[in-house]
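FYI, the numbering just counts along the sequence from 1. Counting starts at 1 for both ligands and their atoms, following the listed order.
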Amino acid sequence: MRTLIEEGRIKERIKQLAAQISSDFDGHEVLLVGVLKGAVVFMADLVRELKCPCTIDFMAVSSYGMSTHSSGVVRIIKDLDHSIEGKHVILVEDIVDTGLTLDYLCGVLRSRKPATLKVCVLLDKPSRRKIPVKVDYTGFQIPDEFVIGYGLDYQELYRQLPYVAVLENGGSH
Ligand code: 5GP
């Protein structure tokens, strides 16, 4: 395992992202929508740095398997608890890779008529993109390597690491 982004750098970057979001929404109420499970750690740290009033909700999705996943079809396993109509929504994801998951989720959320919809991701692997997605707030751009930690897993393990690491010898996708 090799550390890619140290704990201190993540903390610092989240403060900057939160300052940017707080200033963009300028006191308006914001609804953070986290995608389970990977975004939990990032969202927990992000929400505590926000200055605007905010509520949180979660969705869980799973792909139908690799072949269908590559066509962008994902299944909603857990939907939001409340309507997002008329709300300022920020979709919070751990990582954007091909973009298929975010593209699908943005489509679903947009159809529910939020006042605004923004996307915030901790990590971005731009070289892997299959569909262009507009990401409004990005923590770090990373190379095409399989990463774990800070919410990201390999076979459900390593989510609790306070830093982001590259899992060498395994975890290829
Ligand atoms: P996309 O639909 O953008 O290809 O995939 C996004 C999802 O793939 C992420 O939410 C995450 O679950 C998974 N993923 C993509 N790259 C990585 C990675 O490097 N490490 C881990 N743990 N998950 C990844």
Side-chain angles (χ1 to χ4, degrees), residues 1-7 9-11 13-14 17 21 31-47 56-81 84 89-112 114 117-173:
M1 200 188 299
R2 166 170 54 89
T3 303
L4 188 67
I5 311 171
E6 280 160 12
E7 188 176 359
R9 279 183 69 205
I10 300 176
K11 278 208 173 94
R13 186 71 187 119
I14 287 178
L17 290 175
I21 293 170
L31 167 63
L32 296 186
V33 171
V35 184
L36 295 172
K37 303 171 195 169
V40 164
V41 177
F42 174 41
M43 185 149 133
D45 283 348
L46 182 70
V47 74
I56 63 172
D57 206 342
F58 293 95
M59 286 180 97
V61 295
S62 101
S63 64
Y64 276 108
M66 281 323 280
S67 60
T68 326
H69 185 57
S70 59
S71 68
V73 178
V74 295
R75 186 164 50 109
I76 295 176
I77 294 180
K78 184 221 170 289
D79 208 336
L80 297 172
D81 290 339
I84 62 168
V89 175
I90 303 179
L91 184 57
V92 180
E93 248 291 40
D94 51 358
I95 184 165
V96 53
D97 187 30
T98 62
L100 294 169
T101 308
L102 267 185
D103 181 66
Y104 174 80
L105 284 176
C106 284
V108 168
L109 295 181
R110 213 170 279 120
S111 72
R112 299 179 183 180
L117 176 63
K118 304 281 182 195
V119 175
C120 177
V121 301
L122 178 69
L123 305 172
D124 180 7
K125 281 187 199 170
S127 63
R128 296 254 311 162
R129 202 73 90 251
K130 287 186 181 158
I131 295 189
V133 280
K134 186 169 176 286
V135 179
D136 302 280
Y137 308 100
T138 303
F140 302 91
Q141 291 202 341
I142 60 168
D144 180 16
E145 293 186 286
F146 191 82
V147 291
I148 51 163
Y150 203 76
L152 290 121
D153 75 309
Y154 173 61
Q155 296 186 348
E156 295 296 329
L157 291 169
Y158 306 110
R159 292 191 199 274
Q160 85 270 29
L161 297 178
Y163 50 86
V164 172
V166 174
L167 189 64
E168 290 158 317
N169 311 317
S172 68
H173 58 297

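- Remark: distances from the non-hydrogen atoms of Tyr154 to ligand 1 are all 4.0 Å or more.
- Considering Thr138, Leu123, Val135 in turn, Val135 is the only one that fulfils the side-chain contact (heavy atoms from CB on, under 4.5 Å) rule with Val96.
- Heavy-atom neighbours of Lys78 NZ from other residues, nucleotides or ligands within 6.0 Å: above the threshold of 12.
- Ring pair Phe42/Tyr150 is tilted by interplanar angle, where 30° to 60° counts as tilted.
- Taking only non-hydrogen atoms, the option from Ile148, Asp97, Leu4, Val164 nearest to atom 15 (C) of ligand 1 is Asp97.
- Below 3.5 Å of separation, one finds no N or O of Val96 facing any N or O of ligand 1.
- Looking at Leu152 next to ligand 1, no N or O pair under 3.5 Å apart turns up.
- Counting the atoms of ligand 1 from 1 in the order shown, those under 4.0 Å from a heavy atom of Gly99 are 1 (P), 3 (O), 4 (O).
- Residue Thr101 approaches ligand 1 through these ligand atoms, each under 4.0 Å from one of its heavy atoms: 1 (P), 2 (O), 5 (O), 6 (C).
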Q) Can Asp94 and Val121 be said to form a side chain to side chain contact (heavy atoms under 4.5 Å, CB included), step by step? A) CA-CA 6 Å; Asp94 51 358; Val121 301; over 6 Å; no
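- Contact annotation: for Glu93 versus ligand 1, heavy atoms closer than 4.0 Å belong to the side chain alone.
- Using a cutoff of 4.0 Å between basic side-chain nitrogens and carboxylate oxygens, Arg129 and Asp103 are not scored as salt-bridged.
- Heavy atoms of Arg128 come nearer than 4.0 angstrom to ligand 1 in no pair at all.
- Between Thr98 and ligand 1, at least one pair of N/O atoms sits closer than 3.5 Å.
- Within the 4.0 Å heavy-atom criterion, the part of Glu145 lying near ligand 1 is the backbone and not the side chain.
- Residue contacts with ligand 1: Ile95 is included, with a non-hydrogen atom under 4.0 Å away.
- When each of Val147, Thr3, Ile5 is checked for a side-chain contact (heavy atoms from CB on, under 4.5 Å) with Val166, only Val147 meets the rule.
- Using a 4.0 Å cut-off between charged side-chain N and carboxylate O, Glu145 and Lys125 make no salt bridge.
- No donor-acceptor pair closer than 3.5 Å links the side chain of Asp136 to the backbone N or O of Lys118.
- Contacts with ligand 1 closer than 4.0 Å are made by no heavy atom of Val35, backbone or side chain.
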